[in-house]
Amino acid sequence: MKNLCTLAFLSFLLFPFCKNDGYKKTNVVDRTAGLQPLPPSIITQLNKTCTSIDIIPLRKEGNASLSFSKNEAQALQYMISFIGDEKGTLGNCAADGHIVFGESGEINYEADIYFTNGCNAMAWIRGGKIIYINSISPEGVEFYRNFLKPISRAKMDSLAKM
């Protein structure tokens with residue numbers, strides 16, 4: 001009986017140190033804790049006052065940047081329509097692109113775009129910190145996926161020869 005109690009006691013002591021390593025745990029930091037989506041009033045303001053939008057790929061194999069100006073008002077509004085009303089999902093993803101909203105030559109708002117590896121977010125940045133986080137509409141995800149997708153080296157070389 002004494003041996004059984006000793007064995008039970010030792011098992012109890014060792015149990016917390018025995019873990020199943022059959023899977024790896026990753027530390028996912030919630031970078032959106034305490035953040036809210038960009039207020040609808042600011043999105044309305046963007047629709048009224050935005051005079052330029054620049055989209056910049058952040059992956060080295062990405063396409064060239066894309067710009068829209070006040071002469072393309074419908075394109076500006078279309079791009080703004082990609083901003084979802086809900087809070088975005090941002091795990092340990094790297095940004096796929098960066099978008100800058102300007103008004104008469106001044107940068108009003110800018111955001112990093114996340115749409116791969118389970119992330120879906122426009123992370124609004126000011127002073128190097130995320131201040132708001134919105135989801136991206138399905139149409140926006142599709143647009144960014146097509147525009148910011150990697151371009152093959154052969155295709156780049158053929159375009160350069162044109």
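- Other residues, nucleotides and ligands contribute more than 12 heavy atoms inside 6.0 Å of the CD atom of Glu72.
- The aromatic rings of Phe82 and Tyr78 stand perpendicular to each other, their planes meeting at an angle above 60°, with 30° marking the opposite boundary.
- When all heavy atoms of Ala121 and Gly88 are compared, the closest pair comes out as CB-CA, 4.1 Å.
- Looking only at distances, a side-chain donor or acceptor of Asn134 sits under 3.5 Å from a matching main-chain atom of Gly84.
- Within the 4.5 Å cutoff, side-chain heavy atoms of Pro57 are placed close to those of Ser65.
- Atom CD1 in Ile125 sits 6.0 Å away from atom NE2 in His98 (nearest 0.5 Å).
- Summarising the geometry of Cys119 relative to Gly91, their closest heavy-atom pair is SG-N, 3.3 Å, with the distance given to 0.1 Å.
- Taking both residues in full, the closest heavy atoms of Cys93 and Thr116 are given as SG-O, 3.3 Å, listed atom of the first, atom of the second, then distance.
- Within a 6.0 Å radius of CG in Asp85, no more than 12 heavy atoms belonging to other residues, nucleotides or ligands are found.
- Met79 and Val100 are members of different hydrophobic clusters when ILVMFWY side chains are connected at heavy-atom separations under 4.5 Å.
- Both Leu46 and Ile131 are members of a single hydrophobic cluster when ILVMFWY side chains are connected at heavy-atom separations under 4.5 Å.
- Taking OG1 of Thr89 as the start and CG of Asn117 as the end, the distance is 13.0 Å to the nearest 0.5 Å.
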Practice item. Run the numbers on Trp124 and Ile99 for side-chain contact (heavy atoms from CB on, under 4.5 Å), then give the verdict. Key: CA-CA 9 Å; Trp124 301 89; Ile99 188 165; 5.6 Å; no
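- A heavy-atom distance below 4.5 Å is not found between the side chains of Ile133 and Met122.
- Residues Cys50 and Ile80 form a side-chain contact, since some pair of their non-hydrogen atoms from C-beta on lies under 4.5 Å apart.
- Atom CZ of Phe101 and atom CD1 of Ile42 lie 12.0 Å apart (nearest 0.5 Å).
- Judged by distance alone, with hydrogens and angles left aside, the side-chain atoms of Gln77 form no donor-acceptor pair with the main-chain N or O of Gln74 at under 3.5 Å.
- The cluster map of Ile, Leu, Val, Met, Phe, Trp and Tyr, joined by side-chain heavy atoms under 4.5 Å apart, puts Ile43 and Val141 in the same cluster.
- A 4.5 Å side-chain heavy-atom check between Glu103 and Tyr109 finds every atom pair outside the cut-off.
- A distance of 12.5 Å separates OG1 of Thr49 from NZ of Lys70, quoted to the nearest 0.5 Å.
- Both Ile136 and Leu66 are part of a single hydrophobic cluster, where members link through side-chain heavy atoms under 4.5 Å apart.
- Side chains of Asp54 and Ser67: a donor on one and an acceptor on the other come within 3.5 Å.
- Under the 4.5 Å side-chain heavy-atom criterion for Ile, Leu, Val, Met, Phe, Trp and Tyr, Ile55 and Ile107 are members of distinct hydrophobic clusters.
- The distance from the CD1 atom of Ile53 to the CG atom of Asn108 is 11.0 Å, given to the nearest 0.5 Å.
- Phe115 and Asp96 get closest at one heavy-atom pair: N-OD2, 2.9 Å.
- Annotation: the span from Ile113 atom CD1 to Tyr144 atom OH amounts to 4.0 Å, rounded to 0.5 Å.
- Panel note: side chain Thr51, backbone Ser104; a donor-acceptor pair is recorded below 3.5 Å.
- Contact record, Ala123 with Tyr114: CB-CE1, 3.8 Å, taken as the closest heavy-atom pair.
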